[in-house]
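The structure appears below as structure tokens.
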Amino acid sequence: MSVRVRFAPSPTGYLHIGGARTALFNWLYARHTGGTFVLRIEDTDTARNSQEAVDVILDGLRWLGLNWDEGPLSGAAEGPGIGQHGPYFQSKRGAIYQKRVEELLSKGLAYEREGAVRFKMQREPVLIPDLIVGDVKRELTDREELDPDFVIFRSDGQPVFHFVNVVDDLEMGITHVIRGEDHLSNTAKHIALFQAFGVPAPKYGHIPLILNIDGTKMSKRDQGASLKSYQDGGYAPEAVVNYLCLLGWSPKENREIVPLDEIVAMFDLPQILRHNARFDMNKLNWMNVEYFKSMTLDRFVTLALPVLRQAGLAMDNYSPEYIRAALATVKEKVKQMPDVLQFAAFYFRDTVVFDDAAKAAEPQDLTAESRGRVEKLRAAFASDSVFTADSLQAALKATATTLGVKAGLLVHPTRIACTGSGIGPSLYHLLEVLGRERVLARLDAMIARMPV
RNA sequence: GACCCUAUCGUCUAGUGGUUAGGACACUGCCCUUUCACGGCAGGUGCCCGGGUUCAAGUCCCGGUAGGGUCGCCA
């Protein structure tokens, strides 16, 4: 029998990083087994539901590259979907739930009380076979001892999570339920429901949760809890995917950076760890840099552009060639995409903006002595016919020799004049990219601010 | 409160009875570099506690402790 797995998020307006990991593990298992990955939107809570909230999930999954074989094509519940088991929005499956609840009612396995329909839960412990955790014998809690039955249809006529979840898995032919461990205890209810419908329950695999670095539960407000923060932060999605794979699962031979296709080939349920993992932003950042360094320049530019635009830089005023050349000088330097602003914004501004350190150093930097040296250097640059990193370096070194000073005395003011900061890309390379016109203009602007 | 899951450096992990307990991130020092980085080299830190089984326990069993989860007309 072919594997069919599903990711069934509730559209709450954001995609939790743990949810993204659950989606990833389902996707990996489907791809590993040649099975089918289904996306189903659990929007029974109509009060909180919106198309925008669904779009956030679809966008996030697409960004990660987790394509689904069946499911909605857009965030619109009324919109088209792909697959033979639709609709893929629970809000559109009312008739199915109605039919199924009547089935239980007629079998005497459910009953009405105060307008709601309650399922007659078994009173004995339930054995939960789990591919990851192992066999779990779930005893009744003290509250359940008092009243083990639970509501499956509310008094307002709306079905409840446990019920729709099971009915959909049943109707959609789901063979493996891979979900967060927070559902492990609830699985007893689900298994009982499957039995009530007279069908075998799917196989279960409960994966450990992702916690904050301090071990607390990662909730909506926590830093990095939303996948969107990585999308907006200019992360390489392939790095995020790679990092997520390593939370609770690991390839052999101590490998860290592993191509997705190799992970797909190796991935399997039994090797998944059983304890929760803490989300280590440091390691994700390191991995992200590794991906930055090894990706093509074009890919890097694609990831950097939105961040630069977001910062208000008029990127459309610059040629693709110039942008490529400029970003090439920082590609190996950024630790996080927002760094690109600090390192490269000067390429894309008409007027140099000086950072705090540069401003603070002005009393030492803007001197008559320095003015004389910078004027000499300016002249040397002006007569440099090729204006390449090599020629500029030679010109600067030669000027320093003529002046009888260390090169640093020329390097520093040039960097400040052209970039507004003491830190940035290799000086000679950035000068080459900036070009003669901009470099001379920026040196002139600084000279004008220096005392005679 | 009851029930369930879990427990190796600060973090992610390798480890399935015999290892000097390995790797990665982070951290510290040095080298390289007249910016910041990169890179190279070196270094420290760990089997939650207590019993038991065994010639031998990080590894198996029991208890405790700690963390997480669930018990809803939320999902």
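Residue numbers begin at 1 in each chain, while the letters A, B, ... track the order of the sequences. What you see below is based on every heavy atom in this structure, not just the backbone, and it leaves out hydrogens, waters and symmetry mates.
- Figure legend. C48(B) is base-paired to G64(B); pairs are counted as Watson-Crick or G-U wobble with both atom distances under 3.5 Å.
- Taking the side chain of A407(A) as heavy atoms from C-beta on, and the options C25(B), U34(B), U11(B), the nearest nucleotide is U34(B).
- G29(B) and A37(B) have their P atoms separated by 13 Å, given to the nearest Å.
- In this structure, U54(B) forms no base pair with any nucleotide, since neither Watson-Crick nor G-U wobble geometry is met with both distances under 3.5 Å.
- Cation-pi contact between R179(A) and Y204(A): absent, since separation from the ring centre below 6.0 Å together with deviation from the ring axis within 45° is not met.
- Only the C1' atoms considered, G44(B) is 33 Å distant from G51(B), to the nearest whole Å.
- Counting any heavy atom pair closer than 4.0 Å across all strands shown, K189(A) reaches sugar-phosphate atoms only and no base atom.
- Across all strands shown, U70(B) pairs with A2(B); the Watson-Crick or G-U wobble distances both stay below 3.5 Å.
- Base pairing analysis places A75(B) opposite nothing; no Watson-Crick or G-U wobble pair with both distances below 3.5 Å involves it.
- In this structure, the CG atom of N254(A) is 15 Å from the C1' atom of C9(B), given to the nearest Å.
- Within the 4.0 angstrom heavy-atom criterion, only backbone atoms of the sugar-phosphate kind lie near L273(A); the bases stay farther away.
- Within the 4.0 angstrom heavy-atom criterion, base atoms lie near S426(A).
- Map D147(A) and G424(A) each onto its nearest nucleotide of RNA chain B; the residue landing nearer the 5' end is G424(A).
- Counting any heavy atom pair closer than 4.0 Å across all strands shown, A277(A) reaches sugar-phosphate atoms only and no base atom.
- Using a 4.0 Å cut-off, some side-chain N or O of K293(A) falls inside it from OP1 or OP2 of G39(B).
- In terms of position on RNA chain B, the residue among L140(A) and K397(A) whose nearest nucleotide sits closer to the 5' end is L140(A).
- No engagement by G180(A) is indicated, since no non-hydrogen atom pair under 4.0 Å with the nucleic acid exists.
- Of the candidates C12(B), C73(B), A75(B), the closest approach to any side-chain atom of L247(A) belongs to C12(B).
- Across all strands shown, P125(A) has no heavy atoms under 4.0 Å from either base or sugar-phosphate atoms.
- For D142(A), the side-chain atoms get nearest to A2(B) when compared with the rest of A2(B), C4(B), U34(B).
- Following rounding to the nearest Å, R143(A) (CZ) and G69(B) (P) show an atom-to-atom distance of 18 Å.
- Residue R278(A) places its side chain closer to C12(B) than to any other of G68(B), A75(B), C12(B).
- Using the Watson-Crick or G-U wobble rule with both distances under 3.5 Å, A21(B) pairs with nothing in any strand shown.
- Side-chain atoms of N276(A) stay outside donor-acceptor range of the base of G68(B), with no qualifying N/O pair under 3.5 Å.
- Comparing C4(B), U6(B), C73(B) by their closest approach to the side chain of R138(A) singles out C4(B).
- Which of A2(B), A75(B), G68(B) sits closest to the side chain of L211(A) comes down to G68(B).
- H183(A) comes within 4.0 angstrom of a nucleotide base, judged by non-hydrogen atoms across all strands.
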For this session: May I have the step-by-step check of salt bridge (Lys or Arg N to Asp or Glu O under 4.0 Å) for R449(A) and E362(A), ending in yes or no?
Result: CA-CA 10 Å; R449(A) 299 170 62 217; E362(A) 282 184 354; 2.7 Å; yes

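- In terms of phosphate contacts, K335(A) brings a side-chain nitrogen or oxygen within less than 4.0 Å of OP1 or OP2 of C38(B).
- Classification of the Y230(A)-F279(A) ring pair by plane angle, with boundaries at 30° and 60°, yields tilted.
- Nucleotides A42(B) and A7(B) are separated by 32 Å at their C1' atoms, to the nearest Å.
- We find that R255(A) and E262(A) are joined by a salt bridge, their nearest charged nitrogen and carboxylate oxygen being less than 4.0 Å apart.
- Checked against C5(B), G69(B), C71(B), the side chain of D182(A) finds its nearest nucleotide in G69(B).
- The aromatic rings of F267(A) and Y29(A) sit perpendicular, their planes meeting at an angle over 60°, well past the 30° parallel limit.
- Rounded to the nearest 0.5 Å, atoms OH (Y243(A)) and CD1 (I257(A)) are 12.0 Å apart.
- Nucleic acid contact for G215(A): sugar-phosphate only, since backbone atoms but no base atoms lie under 4.0 Å from a heavy atom of the residue.
- Nucleotide G39(B): paired with C31(B) (Watson-Crick or G-U wobble, both distances less than 3.5 Å).
- Spacing between A56(B) and G18(B) at atom C1', rounded to whole Å, works out to 6 Å.
- H162(A) comes within contact range of at least one nucleobase, with a heavy-atom separation under 4.0 Å.
- Of the listed nucleotides (C12(B), U13(B), C4(B)), U13(B) has the atom at the smallest distance from the side chain of S250(A).
- Counting to the nearest Å, the P atom of U34(B) and the CG atom of L396(A) are 12 Å from each other.
- At U13(B), one or more side-chain N or O atoms of H275(A) fall inside 4.0 Å of OP1 or OP2 (strictly under the cut-off).
- Of the candidates A75(B), U35(B), C73(B), the closest approach to any side-chain atom of F161(A) belongs to A75(B).
- Taking atom C1' on both nucleotides, A21(B) is separated from G58(B) by 8 Å, rounded to a whole Å.
- Looking at R123(A) and E144(A), no side-chain N of the basic residue comes within less than 4.0 Å of a carboxylate O on the acidic one, giving no salt bridge.
- You won't find any donor-acceptor pair under 3.5 Å spanning the side chain of S185(A) and the base of C71(B), going by distance alone.
- Residue contacts for E114(A): at a heavy-atom cut-off of 4.0 Å it reaches a base atom on one of the strands shown.
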For this session: Begin with the C-alpha distance, continue with both residues' side-chain angles, and end with the deciding distance and a verdict on side-chain hydrogen bond (donor to acceptor under 3.5 Å, both in side chains) for E70(A) and H85(A).
Result: CA-CA 8 Å; E70(A) 292 182 22; H85(A) 298 73; 3.3 Å; yes

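- Among the heavy atoms of the strands lying under 4.0 Å from E256(A) is at least one base atom, whether or not backbone atoms are also near.
- Applying the 90° criterion around 0 to the glycosidic angle, C71(B) comes out anti.
- At least one side-chain nitrogen or oxygen of T44(A) sits closer than 4.0 Å to the OP1 or OP2 atom of A75(B).
- Considering only the side chain of N186(A), C71(B) comes nearest among C73(B), C71(B), A14(B).
- At a threshold of 4.0 angstrom between heavy atoms, the contacts of V136(A) are confined to the sugar-phosphate backbone, with no base atom among them.
- Residue R274(A) places at least one side-chain N or O closer than 4.0 Å to OP1 or OP2 of U6(B).
- Of the charged side-chain nitrogens involved, none lies within less than 4.0 Å of a carboxylate oxygen, so that R378(A) and E375(A) do not count as a salt-bridged pair.
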